[in-house]
Amino acid sequence: MEASRQFSTKPDLSPKATTKKISFEEDSSTKASSEALPNAVFFTLFFSVVYFLLSRWREKIRTSTPLHLVTSSEIVAIFALIASFIYLLGFFGIDFVKSLILRPSTDVWNSEDDEEENEVLLREEDARKVPCGQALDCSVPSVPVISFQKVFDEKPVRDTTEEDEEIVKSVLAGTTPSYSLESKLGDCKRAAAIRREALGRLTGKSLSGLPLDGFDYESILGQCCEMPIGYVQIPVGIAGPLLLNGSEYSIPMATTEGCLVASTNRGCKAINLSGGASSVLLKDGMTRAPVVRFDTAKRAADLKLYLEEPLNFETLASVFNRSSRFARLQGIKCAIAGKNLYLRFTCSTGDAMGMNMVSKGVQNVLDFLQTDFPDMDVIGISGNFCSDKKPAAVNWIEGRGKSVVCEAIIKGDVVKKVLKTSVESLVELNMLKNLTGSAMAGALGGFNAHASNIVTAIYIATGQDPAQNVESSHCITMMEAVNDGKDLHISVTMPSIEVGTVGGGTQLASQSACLNLLGVKGANRESPGANSRLLASIVAGAVLAGELSLMSALAAGQLVKSHMKYNRSSKDASNTAS
């Protein structure tokens, strides 16, 4: 057996072996020459097709053409690419793997057939020297027998990435609607990731700067945002504390405008050093105004008179109030335009901002009125006499949401030392800018310096509807010298602050944390509506601080200097200088 093993490792110089060697070399030469031509053809085909497809896809991306829309030439090129790839994989890949596993030795004297033949002889000789069933000699390493057919026939395990790839393709093909991913997958984050990938391929635009991870997509399902693909990061700064009605509040402000938080913070400091500010809630009522139409103006007037009758109001209020535990109808104001009637309902809504609540109550009343006024045609649940997210005189005069006035007396020393200006300069500037200047511009509710800046920043931080900053920023800023002209009396009157502490974006983690910081998170169980009313007062107090600081910067000529310092990055400045 030992001699047999030694013989198998030495070159066989017998005539038979020499003849076999020459024959093997001739076969190899013939095989190489016969494969050279098709190899060159498939090489050329593969790289030519790759170049063609890359050129076409680059052109599509440049012209914003969807990649899944292919022409006949592109289809032929894709099939050619697949065919040439399979051929080259078979030529290089499989042969290369076989050479590694079945031919580890580089001995030129042993062919593949010789090696397999020797291995069989060794196994047969070992088998004859041991009893049946006894293990073979472990001192001889055995070559594992591998079935290549089994390896390539087995299907790879489909992981999440492969499954997502199929879904992305179905979204691009239009077979799976993008809006249905959450319900089909049952995983909101995965749905957002797939939608994001499909959008990137469809538009050819990169979304790498838009974060996806680190957000609870379950919390927005069905209530805050549809078809999400990520979220936007907005920095949150803190202004304050603001001393308001005897309590201090640190005000969260989400903004990308430099100087805004710092300016509001300076205003809070001036208010605190002067003894604080005080606020008064004047009204609390959300509105919704449907528009209905009749065949004649007389019938529209009949309904108007019916709604204005005090006895009928009690009945309508009971119908309206069934819509919610917190909705309470306060009044109905009507306006006629020909045969069209606009009904402006006002109701309290507890700690919710209340748009959905009041709409539901209005629908109940309209259904009830249909019995006595069957000829009434409801054109729309909202007829813009509300008025929501638009500047309107009716909100400026009648109010919408919370109507708040906030005031403070700023000491003369604080005006000079902290605000770097004088009482006389502030009073004059306010008259010429906020009052006269706004009147010259025909402003509607905009008799202020920058109330919307503060309102929007707080709204975004606390989960309010930022679009409602339009009417919520209605504000008139008043300044007057008091105490023999030594001190400054400043006030802001805001008739339509629309805020809530429950519902909408207030329940999201970040926004909920900001509400918790202010002490107004969620609903007030002891006094429904108290939290939302306090939030409205805090908004007005923050606006007061912002108005005081900005007006002082304008009066002192510091506006441009401070914005150049805090609202421009050093990188931008260096680039400009260069």
Side-chain angles (χ1 to χ4, degrees), residues 159-203 205 207-234 236 252 254 286 323-327 349-360 363 381-382 388-389 456 458-469 498-517 520-523 531-532 535:
D159 56 17
T160 306
T161 302
E162 293 177 347
E163 294 176 0
D164 290 353
E165 179 66 22
E166 294 298 324
I167 300 174
V168 169
K169 291 179 179 178
S170 67
V171 172
L172 291 173
T175 56
T176 300
S178 178
Y179 62 80
S180 66
L181 289 175
E182 280 78 5
S183 60
K184 289 182 178 297
L185 300 177
D187 186 336
C188 293
K189 181 180 178 181
R190 183 184 174 199
I194 291 174
R195 182 181 298 112
R196 175 194 183 105
E197 178 65 22
L199 179 64
R201 296 186 189 181
L202 181 64
T203 62
K205 308 296 183 182
L207 294 171
S208 59
L210 184 67
L212 177 68
D213 297 327
F215 188 82
D216 181 12
Y217 292 93
E218 301 284 347
S219 64
I220 65 174
L221 182 62
Q223 54 192 354
C224 288
C225 179
E226 298 76 39
M227 297 190 287
I229 59 171
Y231 60 97
V232 174
Q233 297 169 311
I234 301 180
V236 178
M286 182 50 63
S323 61
S324 171
R325 292 183 299 147
F326 304 104
T349 57
D351 282 306
M353 185 269 290
M355 284 295 300
N356 293 332
M357 192 183 298
V358 65
S359 296
K360 185 178 179 182
Q363 187 63 57
I381 192 68
S382 174
D388 186 43
K389 301 174 184 176
T456 305
I458 298 177
Y459 272 27
I460 295 175
T462 59
Q464 311 303 313
D465 189 341
Q468 289 185 323
N469 81 88
E498 298 162 342
V499 292
T501 58
V502 296
T506 63
Q507 59 194 5
L508 301 179
S510 301
Q511 290 81 345
S512 180
C514 291
L515 288 171
N516 188 57
L517 177 66
V520 294
K521 177 182 176 181
N531 283 356
S532 62
L535 178 58

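Predicted, not measured: the structure shown is a model, and the values here were computed from it.
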- [ ] Give the intermediate values and the outcome of side chain to side chain contact (heavy atoms under 4.5 Å, CB included) for residues M353 and Q468.
- [x] CA-CA 11 Å; M353 185 269 290; Q468 289 185 323; 3.6 Å; yes
Task: Working for side chain to side chain contact (heavy atoms under 4.5 Å, CB included), residues K389 and E498 - done: CA-CA 10 Å; K389 301 174 184 176; E498 298 162 342; 5.9 Å; no
- [ ] Verify side chain to side chain contact (heavy atoms under 4.5 Å, CB included) between L535 and Q464, making sure each step is shown before the conclusion.
- [x] CA-CA 11 Å; L535 178 58; Q464 311 303 313; 3.6 Å; yes
TODO: In sequence, state the C-alpha distance, the side-chain angles, and the governing distance for Y179 and E226, and then conclude on side chain to side chain contact (heavy atoms under 4.5 Å, CB included).
DONE: CA-CA 7 Å; Y179 62 80; E226 298 76 39; over 6 Å; no
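The shortest distance between side-chain heavy atoms of T462 and V499 does not fall below 4.5 Å. In this structure the side chain of R201 reaches within 4.5 angstrom of the side chain of L172, judged on heavy atoms. Between D388 and S382, every side-chain heavy-atom pair lies at or beyond the 4.5 Å cut-off.
In this structure, CE on M227 lies 5.5 Å from OG on S178, to the nearest 0.5 angstrom. Atom CG of D216 is separated from atom OG of S510 by 10.5 Å, given to the nearest 0.5 angstrom. We find the CD1-CG distance between I194 and L181 to be 6.0 Å, quoted to the nearest 0.5 Å. Interatomic distance, L212 CG to E197 CD, rounded to the nearest 0.5 Å: 11.0 Å. Taken from SG in C224 to CD in Q507, the straight-line distance is 5.5 Å, to the nearest 0.5 Å. Here the straight-line distance linking atom CE of M357 with atom OG1 of T349 works out to 5.5 Å at 0.5 Å rounding.
A donor-acceptor contact shorter than 3.5 Å links the side chain of R196 to the backbone of L207. Side-chain N or O atoms of D351 include one that pairs as donor or acceptor with a backbone N or O of S532 at under 3.5 Å. Here the side chain of T175 pairs a donor or acceptor atom with the backbone of S170 at under 3.5 angstrom.
More than 12 heavy atoms of other residues, nucleotides or ligands shown are found within 6.0 angstrom of CG on D465.
Applying the side-chain contact (heavy atoms from CB on, under 4.5 Å) rule to A254 yields the partners I234, V236, I460, A461; only residues at least two apart in sequence or on another chain are considered. Residues that satisfy the ring-ring contact (aromatic ring centres under 6.0 Å, His included) test with Y231, not counting sequence neighbours, are F215.
The two atoms that bring K521 and S512 nearest to each other are CE-OG, 2.9 Å, heavy atoms only. Of all heavy-atom pairs between I381 and S359, the closest is CD1-O, 4.2 Å. Between N531 and G522 the shortest heavy-atom distance is ND2-O, 3.0 Å. Minimum interatomic distance between Y217 and P211 (heavy atoms only, all atoms of both residues): OH-O, 4.3 Å. Heavy-atom minimum distance, V502 versus A523: CG1-N, 3.4 Å.
Among residue pairs with one or both ends in residues 170-189, those qualifying as salt bridge (charged side-chain N to carboxylate O under 4.0 Å, His left out) are E182-R195, K189-D213; sequence neighbours excluded.
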